[in-house]
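Here's the structure we're looking at; comments come further down.
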Amino acid sequence: KCNYAIKPSSAPPDPDAVPPNPQLGPPPPPRMPDTVPVVPVAPDLRTLQEAAEDGFDQGRLFRELRFLALAAFVGVASGLGVSAFKISVSLVNSSLYVLTTGQANMPEAVHVLSGAGGFEGVGIGRLEAALIPALGGVLVSILRAAGGGFGGGVNDFANQVEKGRDFPGGKQLLKILASVAALGTGNSLGPEGPAVEIGASCARSSMAASLGIDKRRKLLLCGCSAGVAAGFNAPLAGVFFSLEVVQELLPSVGPRLRTGIASLLLSSVVSSLTANLVLNEGLALRPAPYELGSVPALLPLFVGLGLASGGVALVFKAMLNEFPKIWDEPEESLPGPVGSAADSLRQLPVEARPAIFGLFCGFVGLFFPQVLFFGYETLDGIISAGAAAEPALYLLLILGLKAMLTAGSLAFGLVGGTFAPALFLGAVLGSAYQQITYGALEAATAALPAGTFAATTFSDLLAGDSLPAFALVGAASVLAALFRAPLTALLLLFELTRDYNIVITAAASAGVASLVSEIWRQREDLKEAEAARGKGKGRFQPDEMGVSLYEDPSLLLALVSVEEVMLSEPLVLSPDDTLVSAINAFETSRAYHALVVDRDGSPSAKSLRLGGRFVGIISLGGLSRAIEGTDVATDASRCIRDACLPRDKCITIKASESAGRARELLTNLRMVPVVADANPDEVLGIVDEQSLRVGQKLSSISTTRANKLP
C-alpha cells in the first residue's frame with residue numbers, strides 16, 4: 001500500500017447550496033474532478049531556455065523561418081569564401097610553378113600528369129622549384145608572428161560557442177591566409193580543413209548576441225557543412241560531416257538536432273550552388289569510368305581493403321600524434337649522433353621550422369612530385385586509372401612519403417588540413433591493393449585447370465577495368481576510419497560517382513575500416529590519456545585546420561572514472577510515493593530526473609547514503625504523462641512504482657568505468673544511473689551532461705597543473 005493518499009478537501013460549505021430533503025434520502029456525493037489537480041512545476045533553467053528557443057508560441061514559425069534565412073546566408077557566405085580561397089590557392093600555385101619552370105600551364109610545369117591524364121613520376125627538373133614550399137613556410141611564419149599565433153580549429157570554435165567567448169576574427173583571417181601560402185606553394189596538406197573553418201567563421205560572424213545557445217550550436221553545424229559542401233560540391237556529404245564529426249564536439253545538440261536538419265540541408269545546398277556558380281566547375285574529383293564484375297564475389301576483396309585502410313588510418317593518425325613530440329624535452333638524451341641531431345633539432349627557433357620543412361618538401365618533390373599539393377590533379381590521376389602504370393611497390397613508397405610529409409608539415413608549423421591527404425592515401429592504397437590482389441588472382445587462374453568453377457570465378461573477377469573503383473573505395477575507407485565518419489565517406493563517394501554498386505562495396509570496406517579504427521581507439525584512449533599526464537610541457541600545438549585529430553574530447557574524460565564526476569545526491573523517491581507527492585518533490589528540488597529506490601519502508605530522502613534497492617527512474621516528462629487523465633476516484637493512490645521506468649529497462653553504468661563511456665551513453669540520454677561494480681541493484685548516483693562538463697574541466701585543470709610541475 002502507498003504511504004500517502006489524497007485527503008478530502010477542507011473548504012468551507014457553500015452558503016448558496018440547497019439543503020438536503022429528508023424524504024429524498026441522503027444527497028448524492030459531490031462530483032469529483034476528472035483529473036488530479038496538477039501542482040504547477042517550475043522546470044529548471046535549461047528547460048525554460050529550451051522552451052524559449054524552440055518558440056512554443058504563435059511566433060514559432062516566424063522565428064524558424066528567420067533562422068532558416070540565417071542558415072541560407074551562412075551558406076552563401078561560405079560558398080563565396082571557399083571560392084575565393086580556392087581561387088587564391090590556384091593563382092599562387094600556378095604562378096609560382098609556371099614562372100619557375102617556364103612552362104605554359106600547371107600540368108606541364110610539374111610534369112605530374114601526362115597528356116592522357118596518367119600518373120607519372122617525372123620530376124620538375126628545376127632545382128629552383130624546391131625553394132617554393134620553403135617560401136610558403138616563410139610566409140606562414142610572418143603571418144603567425146603578425147597575429148600572435150593562430151586560433152584553434154573547429155574544436156576551438158565549439159569551445160567558443162559553449163563558453164560564450166568572442167570570435168577572434170583577425171587571427172582566423174590570418175590563419176586562412178597562411179593556409180593559402182602553405183597550399184599555394186605545394187606543401188603536403190589539404191584545402192578541406194580551411195574550407196570547413198571558412199564556413200565555421202561565417203557562422204560565428206553571423207551569430208547575434210540575442211541568438212540562443214541551441215541556435216548557436218546549430219548555426220555552427222550549418223557553417224561546417226557548408227564548408228565541406230562548397231569544397232567538394234557535395235552537399236549531402238557536408239550535412240553528414242557535421243552530423244558525424246562536428247556534432248561530437250557539441251554533445252548537447254544531439255537529442256534536439258532534429259529541428260535543425262532543414263537548416264543544415266539549406267546551408268549545404270546554397271553553399272554548393274554558390275561555389276559552383278563562382279568557380280564554374282563540376283565535381284572536385286573526376287573519377288574515370290570503371291567496370292566492376294560480380295559485386296557479391298568482390299565483397300571479400302573489399303573487406304580486405306577495409307582492413308588495410310583501417311591499418312593505414314591508424315598509422316597515419318599515430319604519425320600525426322607522435323611527430324609534434326619531437327619538440328618535447330626527453331627524459332634521457334639518446335646516445336651518439338642520433339641524440340646530438342635530435343638535440344640540435346629541438347634548438348631550432350619556432351619561426352624557422354615551417355621554412356625548413358618546406359625546403360625538405362620541395363626537395364622530395366623534385367623526385368616524387370605526387371606528394372606535393374597541386375590541387376586535385378594528382379588525385380584525379382590516381383582514380384583515373386593512371387596509377388596502373390606504376391608498380392605496387394612504388395605506390396606504397398608514395399603512400400609512406402605522403403603520410404610522413406603531411407604529419408611533418410603540421411608538426412613543423414605549416415597550416416592546412418588532413419582531409420585531402422587522407423583521400424590521397426586511400427586512393428594510392430586502393431590502387432596498390434588492386435594490383436597485388438589481381439596479380440594473385442591471375443596467377444591462381446593460370447595455375448587452375450581451365451573450365452573449373454574456381455578458374456571461371458577468378459576470370460569473372462578479373463574482367464573489366466576496376467582499378468579506379470578500388471582507388472575510390474580505398475579513399476573513402478581511409479577517410480571513414482581516420483575521422484570515424486563512414487556515412488560521410490559513403491555519401492561523398494555516391495555524389496562523385498552516382499553509382500549504387502560501388503557504394504555497396506564501399507559500405508563493406510568503409511564499415512570494416514571504421515570498426516578497426518574504433519576498436520583500436522577504445523584500446524588506446526586510456527593509454528594516451530595517462531601518457532598526457534605530466535608530459536607535453538611546452539609542446540608545440542600543430543595548426544591542423546578543420547576538426548583536429550590531435551584533440552579527442554574523450555581523452556580528458558578517460559582520465560577520470562564515473563564515480564569521480566557523478567552526482568551523488570540526486571532526487572530520490574520511494575516506489576510507494578504517490579504521483580502527487582512526487583510532483584511536490586520535483587517542485588521543491590527543481591530536478592528533472594529522480595531515482596526510485598526501495599528503502600524497505602524508510603521515508604524518502606535526498607541522499608543515497610541510507611542504502612536501498614534500485615527500482616527504476618522517473619523523469620519530469622514521464623511524471624507529467626502519468627498524471628494526464630488520472631481519475632482521483634480510481635487512481636488517487638497510484639504509486640511511482642507503476643509509473644517509473646523499471647530497473648531492467650534502465651541503461652546504467654558502473655562506477656569504475658571511464659567518464660568517456662558515460663559521454664557516449666549521454667549522446668541520446670539525459671541521465672544515466674551509476675551502480676556499484678559488485679551489486680548492480682545498488683545505485684550510487686547519476687551522471688549527466690553538466691557533471692561531465694565539470695569533470696572534463698577538472699581533468700583539464702589537473703593535466704595542465706601536472707604539465708607545469710617540474
Side-chain angles (χ1 to χ4, degrees), residues 97 107-126 129-130 133 186-190 285-288 290 301-302 304-305 307-316 319 360-409 420-443 462 465-479 509:
Y97 282 93
E108 293 181 5
V110 297
H111 289 251
V112 176
L113 301 175
S114 66
F119 182 72
E120 297 181 354
V122 182
I124 293 174
R126 298 290 296 272
N187 286 284
S188 182
L189 292 166
L285 300 178
R286 299 174 179 85
Y290 53 85
L301 294 182
F302 283 103
L305 178 58
L307 293 172
S309 300
V312 168
L314 290 174
V315 173
F316 183 44
M319 296 173 70
F360 178 71
C361 287
F363 178 77
V364 175
L366 291 177
F367 305 96
F368 305 97
Q370 303 91 339
V371 299
L372 300 181
F373 177 77
F374 300 118
Y376 289 106
E377 286 85 359
T378 306
L379 189 54
D380 283 337
I382 301 175
I383 61 179
S384 297
E390 306 294 347
L393 289 178
Y394 181 81
L395 294 176
L396 294 177
L397 175 61
I398 294 295
L399 187 151
L401 287 173
K402 181 67 173 181
M404 180 191 68
L405 290 182
T406 301
S409 296
L423 292 174
F424 182 93
L425 295 177
V428 173
L429 174 66
S431 301
Y433 179 84
Q434 191 266 0
Q435 292 189 23
I436 295 173
T437 55
Y438 272 50
L441 289 176
E442 290 176 355
L462 296 172
D465 184 10
S466 61
L467 189 141
F470 275 85
L472 285 169
V473 173
S477 300
V478 172
L479 182 68
S509 180

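Sequential numbering from 1 along the given sequence is applied to the chain's residues.
- Atom CD of residue Q435 and atom CG of residue L393 lie 9.5 Å apart, to the nearest 0.5 angstrom.
- Note that the CZ atom of F360 and the OG atom of S188 stand 11.0 Å from one another [nearest 0.5 Å].
- Annotation for I436 and A392: closest pair CG1-CB, 3.9 Å, computed over non-hydrogen atoms.
- Smallest separation of non-hydrogen atoms from L305 and S509: C-OG, 3.8 Å.
- With contacts defined as side-chain heavy-atom distances shorter than 4.5 Å, the pair L423/V478 does not qualify.
- The heavy-atom pair separating A420 from G190 by the smallest distance is CB-CA, 3.8 Å.
- When atom types are taken as modelled, the side chain of Y433 and the backbone of L301 share a donor-acceptor pair closer than 3.5 angstrom.
- For the atom pair CZ of F373 and OG1 of T406, the computed distance is 11.0 Å after rounding to the nearest 0.5 Å.
- Q434 places no side-chain N or O within donor-acceptor distance of the main-chain N or O of F470, the cut-off being under 3.5 Å.
- In plain terms, the two heavy atoms of M319 and M404 that are nearest each other are CE-CA, 3.4 Å.
- Taking CG of L189 as the start and CG of L372 as the end, the distance is 10.5 Å to the nearest 0.5 Å.
- The shortest side-chain heavy-atom distance between Y394 and F368 falls under the 4.5 Å cut-off.
- A heavy-atom distance below 4.5 Å is not found between the side chains of Q370 and V428.
- Between the OG atom of S431 and the CG atom of L472 there is a distance of 9.0 Å, given to the nearest 0.5 Å.
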